[in-house]
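Structure first, commentary second.
When reading the values below, keep in mind they use all heavy atoms of this one structure, side chains included, and skip hydrogens, waters and symmetry mates. Bear in mind the structure is a predicted one, so any value in this text is a computation, not a measurement.
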Amino acid sequence: MKEVVGAGCATFIIVVCLVFGLDTGSPIVPKWMAIYCSSAFILGYFAYVVFIHKKIELAVSDFFIIGFFGYLSLTLLWSSDPREGFLIAKAVFALSLIYAALKKVPRNVLGIAIYVGTTIALAGCVIFGWKYQLIYGGMGNENFQSELILVLLPIVTAAWCAVKTPAWWIRPFSLVIVFLAVHFLLVVNLSDNKWIALMMVLMAVLIWLIRRQRYLIAAFGFLIPVNVALWSGWVTSPIVVKAIAHRLEIGINSAILWLEKPLFGHGLGSFNFEYGRVQEAHLQFFPNMDTVLRPAAVFAGAAHNELLQLGADTGLIGVSLGIGLCVFLVYRFFTKKRDALDVGAAMALLIALGLSQISFPLQNPATVSMVVMAAAVLMYGETNVASIRFPKIASWAVCGVAVAVGFGLVASGSLHYRAEGLFTKTKVNILNADPTALQANIDAYEMYPLERRYRHQLVLTVGSLLKRGEGNITITNSAA
């Protein structure tokens, strides 16, 4: 049975990192399918456990997650875009189930599964990255691609460092793949995310040196990379300055959006709905800064800062719950007996934390799955503090609800995948000035009205067809 569980965990890691769609509007949609199918399976097992044992046991981190998810769901009541918010809540629910399941897997089984799964996944990321460069190895953009590789790197490095692991045969492969992945980031993927990750690694080394009272080495370790970045001209290069300016602009406007409703936020999923009102608010502070969203067809998409976006959506309460969970992870790391896997998982989380302040890695299904896995590694062995018992009839009801929700997750993911196929026809037919692009867009929206992109695209599809058709296309009133 342990071998089956381990194989299942490794398979999940490989599939969620590597699967992608060539016939979908966004190549990452199949990754969400993998997450929802896995969470549905976990719900089925949960129903079995409740049916047999009539109880469940909870640890402190479980209460943090239940509270966080509960509040996120509550904010849907005042959300400006509850459909988008529902999609986010669904994703958080599925990922929470995966976290709870991974935390229960025996440590030796989980360790082998993670070492094997992440090593194969990292190798696949590099291979697919070279083969499918136009879609960035199936990740959709270079930032998503680099984020996943950067989060995988410390865990695969830990696989090489884990001398006592039963999966000894994976160690030589992991070292080679680490070097190939670093080469890929330096030569092929030109995203600057790698420098943020390097900064987080150096920060961890500095903390380690300071804790051991190596203050002089720590000082030089801080000053040398700062001087290299400054004197090399990297910090003042046009590309870096432009990236900083863009993120500063969206960050200021997102903070202003948060301050409108500081305590409770605008509601989960509201960011893109509300951002248009404040997209030029930064000009009152920096009148010469201009705006990156001048084209009417360009949407912010995300705040490029997970903390600010969480604040704008859920307010100080949501941010406090999220930070509380992060603090508990840090406490757990420093108070438990650590091994190579713990250190690798902690470094992966630290890198993800740094990236989350200049990008949105937690909206990338593959990266956020690895973050959840790393959190489960650190929380392994956590003591249960509460037990909930169910009467016989109540246990049947819980089982029925769990199974029904599992089927709902799979059905929703399937509809989303099919709608993405229609959405692909929208994009292709726009380029060909084919009027059926609008019908494909409408069909995608009607099949899966929860997806924000389909709604945003409708008016853009009309405009694009009229522009590309050069007077040969007429939009009827019924179509409009």
key: Distance-only polar pair, side chains of N189 and Q145, donor-acceptor under 3.5 Å   = yes

Pair L180-H183, side-chain contact (heavy atoms from CB on, under 4.5 Å): steps then yes or no = CA-CA 5 Å; L180 288 175; H183 175 267; 5.6 Å; no

request  = Supply the atom-to-atom distance I135 CD1 to I28 CD1, rounded to the nearest 0.5 angstrom.
outcome  = 11.5 Å

note = Of all heavy-atom pairs linking A366 and M139, the shortest is CB-CE, 4.2 Å

query = Does the pair S26 and E420 meet the rule for a side-chain contact (heavy atoms from CB on, under 4.5 Å), with working shown?
reply = CA-CA 7 Å; S26 171; E420 278 292 313; 3.8 Å; yes

ask   = Can you list every pair that meets salt bridge (charged side-chain N to carboxylate O under 4.0 Å, His left out) and has a residue in residues 341-359, with sequence neighbours left out?
value = R107-D342, K336-D342

query = Is NZ or CZ of R338 both nearer than 6.0 Å to the six-membered ring centre of F333 and within 45° of the ring axis?
reply = yes

inquiry  = If you count every heavy atom of other residues, nucleotides or ligands that lies below 6.0 Å from K194 atom NZ, does the total exceed 12?
reply    = yes

task = Nearest 0.5 Å please: distance from the CH2 atom of W32 over to the CG atom of L409.
result = 11.5 Å

ask   = Under 4.5 Å between any side-chain heavy atoms of L18 and C125, yes or no?
value = yes

query = Do E84 and F273 come close enough that some side-chain heavy atom pair is under 4.5 Å?
reply = no

Point-to-point distance, once rounded to the nearest 0.5 Å, from CD1 of I358 to CG of D192 = 8.5 Å

task = Working to the nearest 0.5 Å, report the span between OG1 of T119 and CZ of R171.
result = 11.5 Å

ask   = What are the two closest heavy atoms between A204 and L350, and how far apart are they?
value = CB-CD2, 3.6 Å

query = Would the number of heavy atoms belonging to other residues, nucleotides or ligands and lying under 6.0 Å from CZ of R418 be above 12?
reply = no

query = What do the steps show when you test N305 against S356 for side-chain contact (heavy atoms from CB on, under 4.5 Å), and what is the final call?
reply = CA-CA 6 Å; N305 184 304; S356 71; over 6 Å; no

inquiry  = Surrounding CZ of F63 (heavy atoms of other residues, nucleotides or ligands, distance under 6.0 Å), is the total greater than 12?
reply    = yes

request  = Take the angle between the ring planes of F93 and F69 and call it parallel below 30°, perpendicular above 60°, tilted in between.
outcome  = tilted

message = So E451 and F423, do their side chains get closer than 4.5 Å, heavy atoms only?
response = no

Please tabulate, for the side chains in residues 33-44, all donor-acceptor contacts under 3.5 angstrom to protein atoms that are two or more places apart in sequence or on a different chain.
from: S38; atom 1: OG; to: A34; atom 2: O; distance (Å): 2.8
from: S39; atom 1: OG; to: I35; atom 2: O; distance (Å): 3.2
from: S39; atom 1: OG; to: Y36; atom 2: O; distance (Å): 2.8

key: Nearest non-hydrogen partners of N143 and S191, listed with the distance   = OD1-OG, 2.8 Å

task = For side-chain contact (heavy atoms from CB on, under 4.5 Å), just list the numbers for F328 and S61, CA-CA rounded to whole Å, side-chain angles, deciding distance to a tenth of an Å, and then say yes or no.
result = CA-CA 8 Å; F328 191 67; S61 66; 4.1 Å; yes

ask   = Got C9 and V109 here, is their nearest side-chain heavy-atom distance under 4.5 Å?
value = no

key: Residue pair T118 / M373, side-chain heavy-atom distance below 4.5 Å   = yes

request  = Kindly indicate whether the side chain of I252, heavy atoms from C-beta on, has any atom under 4.5 Å from the side chain of I256.
outcome  = yes

ask   = More than 12 heavy atoms of other residues, nucleotides or ligands under 6.0 Å from CZ of F86: is that the case?
value = no

query = Taking NZ, NE, NH1 and NH2 as the nitrogens, is one of them in E382 or K103 under 4.0 Å from a carboxylate oxygen of the other?
reply = yes

task = Nearest 0.5 Å please: distance from the CG atom of L341 over to the SG atom of C161.
result = 11.5 Å

query = Can you find a pair of side-chain heavy atoms, one from L422 and one from Y454, that are under 4.5 Å apart?
reply = no

key: Member of L185, N141, L190 meeting the side-chain contact (heavy atoms from CB on, under 4.5 Å) criterion with S146   = L185

inquiry  = Can you classify the ring geometry of F128 versus F20 as parallel (below 30°), tilted (30 to 60°) or perpendicular (above 60°)?
reply    = perpendicular

key: Short side-chain to backbone donor-acceptor contact, K131 and G137, under 3.5 Å   = no

Spatial distance of atom CG (L153) from atom CG (L148) [nearest 0.5 Å] = 9.5 Å

task = Could you check if a side-chain atom of N272 sits within less than 4.5 angstrom of a side-chain atom of D81, using non-hydrogen atoms only?
result = no

message = Distance alone, cut at 3.5 Å: any donor-acceptor contact between the side chains of S359 and E147?
response = yes

